[in-house]
Amino acid sequence: MKKIIFSLVGLTFIISLTGCGIKEEGSQIKLEKGNFSIICDSKTEDFGSIKTQNKTTYNFNKDKNLINYSIITTQNFKEKSVYEEYKKAQEETIKTNSSESILYNLKSNDSSKTLIFTMAITDINLDNVQNEEEKERMKASTILKNQTETNTCKVEGIDKSELK
């Protein structure tokens with residue numbers, strides 16, 4: 001029981017850490033690419049009965065401001081009961097929390113006990129942000145700096161030196 005509670009708390013934390021045009025192809029969420037992207041992979045975390053890794057893709061406009069992002073969390077489970085609890089919780093999240101600006105997707109593989117959970121924020125508009133500190137956090141240079149402290153990141157569509 002402790003493992004399940006710990007696992008659900010961990011899932012909630014992962015989801016909470018974590019848009020413009022949207023295209024859905026199959027069961028995968030596809031966001032508008034923007035002018036360039038920053039793609040960051042976290043280190044695989046091993047919680048004993050669960051291994052977790054996140055891949056976050058940030059898309060930016062020509063002004064180097066965030067327009068949307070997605071987080072893909074891949075989880076591999078050792079125990080079937082923990083896998084089933086997570087799957088049930090993520091399916092409930094999709095049913096109760098999806099909206100036009102926040103999309104969720106879940107791919108599951110019961111035989112390998114693997115879940116791939118995607119959360120996408122599809123509509124970020126800096127004109128609606130009044131706090132300058134928050135605007136600064138949505139700039140490509142700030143996101144890249146913050147993400148490279150703990151993740152491996154690559155920049156696509158622009159040279160990294162242009163983000164300084």
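All of these numbers come straight from a predicted model, not from anything done at the bench. The figures here come from the full heavy-atom set of this structure, side chains too, leaving out hydrogens, waters and symmetry mates. Count residues from 1 along the sequence.
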Could you tell me whether [X] and [Y] have a side-chain N and a carboxylate O separated by less than 4.0 Å?
{"X": "Lys80", "Y": "Glu84", "result": "yes"}
{"X": "Lys88", "Y": "Glu92", "result": "no"}
{"X": "Glu136", "Y": "Lys139", "result": "yes"}

Exercise. Are side-chain heavy atoms of Tyr58 and Gln147 found at a separation under 4.5 Å?
Worked result: yes
Exercise. Are Leu106 and Glu91 close enough that some pair of their side-chain heavy atoms sits under 4.5 Å apart?
Worked result: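 When only atoms from C-beta onward are counted, Glu91 and Leu106 do touch, with a gap below 4.5 Å.
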Problem set entry | Lys113 side chain to Glu79 backbone, donor-acceptor under 3.5 Å |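 It does not hold such a pair.
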Exercise. Do Thr142 side-chain atoms and Met138 backbone N/O form a donor-acceptor pair below 3.5 Å?
Worked result: no
Grab the two heavy atoms, one from [X] and one from [Y], that are nearest each other, plus how far apart they are.
{"X": "Phe60", "Y": "Ser37", "result": "CD1-CA, 4.4 Å"}
{"X": "Lys135", "Y": "Val129", "result": "CE-O, 2.6 Å"}
{"X": "Cys153", "Y": "Lys160", "result": "O-NZ, 4.0 Å"}
{"X": "Tyr83", "Y": "Thr114", "result": "CE1-N, 3.6 Å"}
{"X": "Asn151", "Y": "Ser42", "result": "OD1-CA, 3.1 Å"}

For this session: Please lay out, stage by stage, how Ile67 and Ile124 fare under the test side-chain contact (heavy atoms from CB on, under 4.5 Å).
Result: CA-CA 5 Å; Ile67 58 171; Ile124 298 173; 5.6 Å; no
